[in-house]
Amino acid sequence: MREIVLVKYGEIILKGLNRSKFEHMLLCNIKRALSFIDGVYVWAKQAVIYVEVPEQDKLNMVIERLSKIFGIVSVTRAGVIEKDLETIKKGAYEYCRSALGAGVKFKVEAKRSDKSFPYNSIEIGKHIGGYLHDECGGAVVDVHNPDITVRVEVREKDAYVYCQEMRTKGQGGMPIGSGGKATLLLSGGIDSPVAGHMIAKRGVEINAVNFFSFPYTSERAKEKVIELASIISQYTSKINLYIVPFTEIQLQIRDKCPEDQMTLIMRRFMMRIAERIAVQSGAKALITGESVGQVASQTLAALGVTNDVISMPVLRPLVGMDKSEIIERAERIGTFETSILPYEDCCTVFTPKHPQTNPKLAMIEKSETHLDVDFLIERAMDGVEMIEVLPE
Ligand code: ATP
Ligand code: MG
């Protein structure tokens, strides 16, 4: 039987007058994510998006892609049947019989959006329920507590049949682009990719900045960051990744500032440069993977000192999460295995033995007077390399 993919979406439905704008964005994002397959046809009707794929052997791949697009709540494959009651009955049986073994409790839910179809929803449900009961030896109708819900939708062109339980869960969230743009400080660690995914899920387009300390960090470390950006881009589509040369700044800090302030001063430089890149690229906020108390530079006092150099909002979606919760998410979104590859990050190379956990802003600012902050930032900005990262 020919199959089609039905896409259901969630929160957009609550958007009132703006709903069609959000639907249009989601439709565009779906088309873009599937543009690598020839002849895919996508359309929306009554809060459902339909995806028709001429090459039926690509359906699994299509479902896999769709399940990563923000704004989608569930993805279901459905059998396409000609709109005639007898044909629908036989089609529903053919399509669902493997799920309707002996003792399975089921119900049929029908929906008719083509009002010229000669049976209403209740009649369609009854006819098909009766037929399935007779044909699938031992399956019993139970409308209150079914194991399986067979859905039949009689739409304009065709009828569609599917089992509710066979749908694939989507990401939820809002369509990318509906929430503006933000710049992710992307290290090679576990946390920042998760932070990027969480904010992107709310519809925010992402670009990313990585601070790179050649030759202290290797080409492999850079490839690892590109790989992480590529995994995130499966959810967001293309990510512009800005690689910032950071060695000179780190060496200057090491040579001219107290050792126990090194990490904090370094982080203040990261924020300043990230904000510059964000402004230039039209982003309205920064995103980091910081979480309160995780390391010395993430105490409340340290976060305050880090924040003080910029005026843009900093989104820290992991702020109240435990490491184990972050790891669980990293595994779910597929970044964990790459994050734990052992290549050095610029922070790990220049870590003081006893970093300050209760820094005083005035002291940090005093230490920074030994550095030509503006000059160092200009030099780093001049050396920025931009890489367009796409899903693999
Ligand atoms: P992560 O697992 O994301 O590396 P972390 O627990 O190692 O985080 P830190 O090293 O203190 O924590 O970094 C805190 C945040 O600062 C990171 O989550 C990331 O957003 C940003 N950051 C750290 N190092 C870099 C880097 N080399 N390039 C870009 N951003 C960075
Ligand atoms: Mg790190």
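In each ligand, atom 1 is the first atom listed, and ligand 1 is the first ligand listed. FYI, side chains are in, hydrogens and waters are out, and symmetry mates aren't considered; it's all heavy atoms of this structure.
- Atoms of ligand 1 found under 4.0 Å from any heavy atom of T288, numbered from 1 in the order shown, are 20 (O).
- Contacts between S192 and ligand 1, counted as non-hydrogen atom pairs separated by less than 4.0 Å, involve both the backbone and the side chain.
- A cation-pi geometry, defined here as NZ or CZ lying under 6.0 Å from the six-membered ring centre and within 45° of its normal, holds between R65 and F36.
- Annotation for ligand 1: atoms under 4.0 Å from non-hydrogen atoms of Q294 are 6 (O).
- For ligand 1, the polar-atom distance check finds an N/O of L185 within less than 3.5 Å of one of the ligand's N/O atoms.
- Here the CG atom belonging to D142 is positioned 9.0 Å from the NZ atom belonging to K107, to the nearest 0.5 angstrom.
- Residue L184 does not touch ligand 1, judged by heavy-atom distances below 4.0 Å.
- Closest heavy-atom approach to atom 16 (O) of ligand 1 within the set E290, M270, R267, Q298: this belongs to R267.
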Would you give me the side-chain donor-acceptor pairs under 3.5 Å for residues 283-295, sequence neighbours excluded?
from : atom 1 : to   : atom 2 : distance (Å)
T288 : OG1    : E290 : N      : 3.4
T288 : OG1    : E290 : OE1    : 2.6
E290 : OE1    : R316 : NE     : 2.7
E290 : OE2    : R267 : NH2    : 3.0
S291 : OG     : M321 : O      : 3.1
Q294 : NE2    : D191 : OD2    : 3.3

Show me the side-chain donor-acceptor pairs of residues 42-49 shorter than 3.5 Å, one per line, residues at least two apart or across chains.
from : atom 1 : to   : atom 2 : distance (Å)
Q46  : OE1    : R155 : NH1    : 2.9

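- Contact check on K157 versus E82 returns no salt bridge, with no Lys/Arg side-chain nitrogen under 4.0 Å from an Asp/Glu carboxylate oxygen.
- Where the criterion is an N or O separation shorter than 3.5 Å, residue side chain and backbone included, G188 fails it with respect to ligand 1.
- Distances below 4.0 Å separate heavy atoms of G189 from the following atoms of ligand 1: 1 (P), 2 (O), 4 (O).
- Per-residue contacts place N210 under 4.0 angstrom from the following atoms of ligand 1 (heavy atoms of the residue considered): 26 (C), 27 (N), 28 (N), 29 (C).
- Atoms of ligand 1 lying under 4.0 Å from any heavy atom of S297, numbered from 1 in the order shown and given with element: 11 (O).
- At a 4.0 Å heavy-atom cut-off, ligand 1 touches L186 through the backbone alone.
- Defined by atom type and a distance below 3.5 Å, a donor-acceptor pair is missing between the side-chain atoms of H354 and E259.
- Residue contact check: I190 has heavy atoms under 4.0 Å from atoms 2 (O) of ligand 1.
- The side-chain tip of K68 points at the ring of Y235 from less than 6.0 angstrom away and within 45° of straight on.
- In this model, a donor atom of one side chain and an acceptor atom of the other lie less than 3.5 Å apart for D114 and S116.
- Set against the non-hydrogen atoms of V209, the atoms of ligand 1 under 4.0 Å away are 29 (C).
- Between the choices S339, S187, G289, the shortest heavy-atom distance to atom 1 (P) of ligand 1 belongs to S187.
- In the model, T168 has no side-chain atom that pairs as donor or acceptor with a side-chain atom of S67 under 3.5 Å.
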